[in-house]
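Order of the sequence lines sets the chain letters (A, B, ...), proteins ahead of strands, with each chain counted from 1.
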Number of protein chains: 2
Amino acid sequence: MRLTTKGRYAVTAMLDLALHGTERPVSLADISGRQSISLSYLEQLFAKLRRNDLVSSVRGPGGGYRLSRGGHEIFVAQIIDAVNETVDATGCGGSSDCRQGEVCLTHHLWCDLSDQIHSFLSGISLAHLVERREVQSISARQEARSQQPDDTLSVAEV
Amino acid sequence: MRLTTKGRYAVTAMLDLALHGTERPVSLADISGRQSISLSYLEQLFAKLRRNDLVSSVRGPGGGYRLSRGGHEIFVAQIIDAVNETVDATGCGGSSDCRQGEVCLTHHLWCDLSDQIHSFLSGISLAHLVERREVQSISARQEARSQQPDDTLSVAEV
DNA sequence: ATATAATTGACTAAAATAGTCGGTTATTGC
DNA sequence: GCAATAACCGACTATTTTAGTCAATTATAT
């Protein structure tokens, strides 16, 4: 399991979907606008998310993406795995012959570590994230942004 | 906290130090030979490890690096932090104004996540890794490599 | 003195990340 | 049927990170 900004983009986008996709599908243009992620980059990410059956798409006007199942059945680990899609979690191929016939010194360490992080992130669902108060309030602000441009962001909110 | 191959290299090298550096300092050339990491790349990594006070150096013949303290006082998290040295764990600066005055949707998630992974890796010391049977056997094989070139690596060993 | 080995800095190659562009296909509403 | 929408697709580019090279300098043990 690798942890980079790419996975964060994907989780952010999926969280946006979970928050705004309850009524109708959400277009990538909308997500792009709200989360400041480039549309074309989102296209790449969602191609992978769709291939991994995390989202389904609706074409044409009014179309977009929606979660392929309930937010409590989609986990952060799945999202990160989908966009990283590096099968090779250990860096040595998992084939146990990384060091020309030997197993590299930290082979087991990284397998363990990978497992631990993976199971940790497998316990966090989108629904779980949506429940967080902070996320809800931020989302509300983002929705209201067009009406009232607030420069009065208090520290308490953050 | 970012998790890439760079951190794995660093941990591997430090583990090598913990295993072979009990008597005398270990030269980067030795580590390079045993772990198949390029000497110059090790130089870069150890410059950072030294700046972060995880190793101390001894110049001249018979010199090399040793752990700056006991293996039970050096943790995987510290090693990874040292070589990544991206203070910005959240990707949005932690300054809480990533989205032009707003906090990005997953800001808290990644702070949490980062904290969890960090505390997990902060619980694993080099000494802890050395105690692992697998690591010891692999290390033994690596040390003996020059005497008996073994092509008879059984699956059970792996 | 000499060999060893850290230390430094500049430079390069390859890969991953992030993003652009120009199209095509399916669908909806008029 | 037509136009607008928005997914879908592939090729292409820029930036950053990773990984590694090279050439020198400095300290030190013998």
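B:L28 comes within 4.0 angstrom of sugar-phosphate atoms only, judged by non-hydrogen atoms across all strands, and of no base. B:F46 comes within contact range of no nucleotide atom at all, as no heavy-atom separation falls under 4.0 Å.
Taking the side chain as every heavy atom from C-beta outward, B:R34 and B:L19 never approach each other to under 4.5 Å. Counting heavy atoms from C-beta outward, A:L126 and A:I79 have side chains that approach closer than 4.5 Å. Looking at heavy atoms from C-beta onward, A:N84 lies in side-chain contact with A:T4 at the 4.5 angstrom threshold. Proximity of B:Y41 to B:K6: side-chain heavy atoms (C-beta onward) are separated by under 4.5 Å at one or more points.
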Show which side-chain atoms of residues 42-67 of chain B pair as donor or acceptor with protein atoms under 3.5 Å away, not counting sequence neighbours.
from	atom 1	to	atom 2	distance (Å)
B:K48	NZ	B:V83	O	3.3
B:N52	ND2	B:K48	O	2.8

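One atom, CG of A:L17, and another, P of D:dA6, lie 14 Å apart when rounded to the nearest Å. In this structure, the CD1 atom of A:I37 is 10 Å from the P atom of C:dA18, given to the nearest Å. In this structure, B:L42 places its CG atom 14 Å from C1' of C:dT7, rounding to the nearest Å. Taking atom CZ of A:R2 as the reference point, atom P of D:dT16 lies 18 Å away to the nearest angstrom. Taking atom CZ of residue A:R66 and atom P of nucleotide D:dA7, one finds them 12 Å apart after rounding to whole Å. Straight-line distance from the CG atom of A:L39 to the P atom of C:dC21: 12 Å, rounded to whole Å. B:K6 has its NZ atom 9 Å from the C1' atom of D:dA19, to the nearest Å. When rounded to the nearest whole Å, the span between CG of B:L3 and P of D:dT17 equals 16 Å.
An OP1 or OP2 oxygen of D:dT18 is reached within less than 4.0 angstrom by a side-chain nitrogen or oxygen of B:T4. One finds no side-chain N or O of B:Y41 lying less than 4.0 angstrom from the OP1 or OP2 phosphate oxygen of D:dG20. In this model, the phosphate group of D:dA6 is not approached by any side-chain N or O of A:R24 to a distance below 4.0 Å at OP1 or OP2.
Not a single donor-acceptor pair under 3.5 Å links the side chain of B:H128 to the backbone N or O of B:I124. Here the side chain of A:S32 pairs no donor or acceptor atom with the backbone of A:L28 at under 3.5 angstrom.
Among the nucleotides C:dA18, D:dA7, D:dT18, the one closest to the side chain of B:T5 is D:dT18.
Counting non-hydrogen atoms of other residues, nucleotides and ligands closer than 6.0 Å to CZ of B:R24 gives a total of 12 or fewer.
Taken from CE in B:M1 to CG in B:D115, the straight-line distance is 10.0 Å, to the nearest 0.5 Å. With rounding to the nearest 0.5 Å, the separation of OG1 in A:T12 from CD in A:Q35 is 6.5 Å.
For DNA chain D, the residues of residues 48-63 of chain A within the heavy-atom distance limit of 4.0 Å (strictly under) are A:R50, A:S57, A:V58, A:R59, A:G60, A:P61, A:G62, A:G63, sorted by number.
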(request) Can you check each nucleotide of nucleotides 9-15 of chain C against protein heavy atoms at under 4.0 Å and return B for base, S for sugar-phosphate only, - for none, in 5' to 3' order? (result) -------
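Nearest-nucleotide positions on DNA chain C for B:A47 and A:G7 put B:A47 closer to the 5' end.
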